[in-house]
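Only a predicted model underlies this, so the values are computations on that prediction, with no experimental measurement involved.
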Amino acid sequence: MTSEATTPGRTAPAGRGHRRDVLRLRRLGRAALFGAGHPPRDRLPDAIEHVAQVHRRHHAGADLDTLRRAYVLAEAAHRGQYRKSGEPYITHPLAVTLILAELGAETTTLTASLLHDTVEDTDVTLEQVRADFGDEVAHLVDGVTKLEKVDYGAAAEPETFRKMLVATGSDVRVMSIKLADRLHNMRTLGVMRPEKQARIARVTRDVLIPLAERLGVQTVKSELEDLVFAVLHPKEHGEAAELVRRHRSRPDPLERIASRVDAVLREAGITAEVQLRPRHLLSVHRARLKRGTLGPCDYSRILILVAEDADCYAVLGELHTCFTPVVSEFKDFIAAPKFNLYQSLHTAVAGEDGLVAEVLVRTHRMHRVAEAGVVALGDPHRGGDGESAPEDGERADPTRPGWLSRLLEWQRQAPDTDTFWTELRDELSRDREITVFSEADDEPPLHLPGGATCLDAAYARHGQAAHACIGARVNGRLATLRTVLRDGDTVRLLLAPEGTSWPSPEWLGYARTPAARVPIRRWLDAQRERPEAQPSAVAERPEPDHGAVPAAVRSGGPPKAGAAAAAGTDEAAEESGTEPAVVVSGAPGARLRLARCCTPVPPDAVSGFAVRRGVVTVHRDDCPVAVGMSQDGRRRLPVTWRSRSVGCRVTLHAEALGRPHLLADLTEALAAQGAAVVHAEVAPPRQQRVRHTYTLRLPDASALPRLMKAMRSVPGVYDVTRAAGTAG
């Protein structure tokens, strides 16, 4: 991935840690430039000596020969290339590798990091990397290699991210390298044109930072947030930096509280490391927006590190005994870890002076994972202590079953670049995840983004089969498809019989996840391309106290071929299909339509009336419209049914006492009888009573009596009748 960044300019943060990184980078650059000759095989090149030292702190027995060979190849390949700052290009892969080494990445990741730009920017081929360093390194290098703009044009950047996501699906180390690469490029963004700085910062904000959060790489995420903050909001960044500067110029009262905490724990015999953890600049800015003004203890939190999980709870007990706890601030992320592997106890306590301190309690291992996320877990092909992966092919990577699996699934259904890029940003904008459970013991829990609805759960569970979803039961109560789920909910998804219900356009307003929106949009687009199969959509009507019609049942999907509506209000009707359900005597060759005003079905007594353009509409004999036409002198044509076992369309009125969830119960009854809802209306309630009107499509007219009986059995429903048109 070509690095166009240079040394920091006016937009880069001016923290001491950042200046230290710049000085370190310059030393690496001098070593790379003046120590470019090949050292003896038993000695590391000077340029990677510091990288090796950092690496050995995390992996004492690491074999450094592979790193030496990777550096020699990368330095030779990039020789003569320079960054816009004038530094040798090799300083970029060195800096990226150092970032990963400090996070605790294992040797394979560091090897690929040193080589990550060679295939993209030099004459080194992927086959050469594979031959010299093996399949794993080649996979990582290929995963972070950008697609060429000459081949993809404006789609190159989003399609590159798609390629990286797919590669990350089999090895999360691909994204680890990408994050470190972007961090170094953001550190050295200063001399780029302002508009290019802003473009890179926006992509970093919308895509890379959420990915760092999901991978649990908190160290990288926090620094990227501050760097983006400086570029996109320089005024607010400066104000936050000034607040921190003023705070640091005065004694920090949190140090006194931390000292007392340390004394309390030592007296209790708990071995612990107590330190202050400063907020980064964007966190300070957010805290100021939330609280208005910041108190003296709002710039840092107390971090307590212990050896074992049990020690965390022992520390918590001492804190809540010796200090005044702020109960509302307590969260246990050890018993229930966050979706990105994060574990800690969170609490807040007040000292004798009334100052409140936020406290984090975790083990040393939890701290490493909280800082470095999946990078701290090492090789996903092996477990945490180095054992081989199971023979069934399951990876030890704990991020694979959740959000990453969802991304990989829906991206396969989003072939066009714009849809993928838009949905990716939207998916990543959701900053939390919920877990919902199934009533069925054999179905695993679903991990969904915050704000997900029952419709999202349906597509996550059933894929395209969710096209037939009509509602859900959440925690034992019926719910509509648009119901927003909460963490820990138990969900049973209700599917209509195959071929009886389809998506409607309103579903796009209910779906929050790309895994749902993409297949819904594809299905709707496919129907629009078929002029003979236009799905109907019914505007939703407000119903304050009686539930809501599930989106799935407001559209019965595409009518049979040839379905149409006759002109005129009183004569609105639809054809019975390619094989007419009725026979009209005395009108051979006529186009037959069943009137919508009375929706006749077998074995109703029916008559036909010629209307216009050779069309005959068929009405029930007792239909007021038919009676009116007879009174006006229109001739009745004798009509007989071909069979009693034919599909039909019928309109029913359900009279009921108003109550919550009435619509959900009625639509569940309809679905259980195989009825597809084409149209649904709810009249405003009057004196505790409400009328529901459903236009339904039945696969067999003989099922109508059974359907009406099922509707009458719904609690609160006291009558179900067939609709009859009006004469006027």
Side-chain angles (χ1 to χ4, degrees), residues 1-26 83-87 91-92 95-96 99 157 161 178-213 217-250 252 277-296 298-301 421 424-426 428-429 431:
M1 59 195 71
T2 303
S3 171
E4 301 177 273
T6 59
T7 50
R10 59 181 177 84
T11 59
R16 287 173 293 180
H18 183 72
R19 288 195 296 272
R20 186 167 58 249
D21 291 332
V22 172
L23 293 174
R24 182 184 296 161
L25 178 61
R26 288 174 179 168
R83 309 191 86 208
K84 289 187 177 180
S85 61
E87 294 171 309
T91 58
H92 170 66
V96 172
I99 291 170
E157 183 173 42
F161 273 102
K178 174 61 181 177
L179 290 171
D181 171 83
R182 180 55 61 97
L183 176 56
H184 181 244
N185 282 337
M186 286 298 299
R187 284 176 177 175
T188 57
L189 196 64
V191 300
M192 306 291 286
R193 299 189 310 275
E195 61 272 18
K196 191 160 188 177
Q197 288 189 38
R199 183 187 68 78
I200 295 172
R202 283 192 294 270
V203 174
T204 302
R205 176 196 64 195
D206 295 345
V207 180
L208 273 303
I209 288 174
L211 285 172
E213 167 73 11
V217 194
Q218 189 66 30
T219 299
V220 173
K221 171 183 174 284
S222 298
E223 188 174 349
L224 283 176
E225 284 183 330
D226 281 355
L227 291 164
V228 168
F229 187 33
V231 173
L232 298 182
H233 304 283
K235 178 177 178 292
E236 292 83 355
H237 179 272
E239 291 171 352
E242 177 61 19
L243 285 173
V244 172
R245 187 196 66 77
R246 291 178 184 174
H247 172 73
R248 288 176 176 171
S249 68
R250 300 185 292 268
D252 190 340
R277 185 161 182 81
R279 292 183 183 272
H280 62 290
L281 288 181
L282 182 59
S283 179
V284 169
H285 174 69
R286 287 171 174 164
R288 185 178 64 158
L289 291 180
K290 179 180 179 181
R291 302 172 187 177
T293 58
L294 295 179
D298 291 336
Y299 291 87
S300 300
R301 289 177 287 189
W421 198 227
L424 176 65
R425 291 181 178 215
D426 186 70
L428 293 177
S429 69
D431 59 0

Partners meeting side-chain contact (heavy atoms from CB on, under 4.5 Å) with Pro278 (sequence neighbours left out): Ser300
For Ala201, all residues meeting side-chain contact (heavy atoms from CB on, under 4.5 Å), sequence neighbours excluded: Met186, Val228, Val231, Leu232
Side chains of [X] and [Y]: does their closest heavy-atom pair fall under 4.5 Å?
X	Y	value
Ile99	Arg187	yes
Leu189	Asn185	no
His92	Thr188	no
Tyr299	Arg248	no

[X] and [Y]: which non-hydrogen atoms are nearest, and at how many Å?
X	Y	answer
Val96	Ala180	CG1-CB, 3.7 Å
Gln197	Gly190	NE2-O, 3.0 Å
Ile200	Thr204	O-OG1, 2.8 Å
Leu224	Leu183	CD2-CA, 3.7 Å

Results of side chain to side chain donor-acceptor pair (under 3.5 Å) for His233 - residues two or more places apart only: none
Carefully, step by step, assess Leu243 and His247 under the rule side-chain contact (heavy atoms from CB on, under 4.5 Å). CA-CA 6 Å; Leu243 285 173; His247 172 73; over 6 Å; no
Partners of Phe229 by ring-ring contact (aromatic ring centres under 6.0 Å, His included), sequence neighbours excluded? His237, His285
Could you tell me the separation between the CG atom of Leu281 and the CG atom of Leu227, rounded to the nearest 0.5 Å? 10.0 Å
Rounded to the nearest 0.5 Å, what separates atom OG1 in Thr219 from atom NE2 in His280? 11.0 Å
Salt bridge (charged side-chain N to carboxylate O under 4.0 Å, His left out) partners for [X], two or more places apart:
X	result
Glu239	Lys235, Arg288
Asp206	Arg425
Glu242	Arg245, Arg246

Salt bridge (Lys or Arg N to Asp or Glu O under 4.0 Å) pairs, two or more places apart, involving residues 277-287: Glu225-Arg286, Arg277-Glu371, Arg279-Glu358
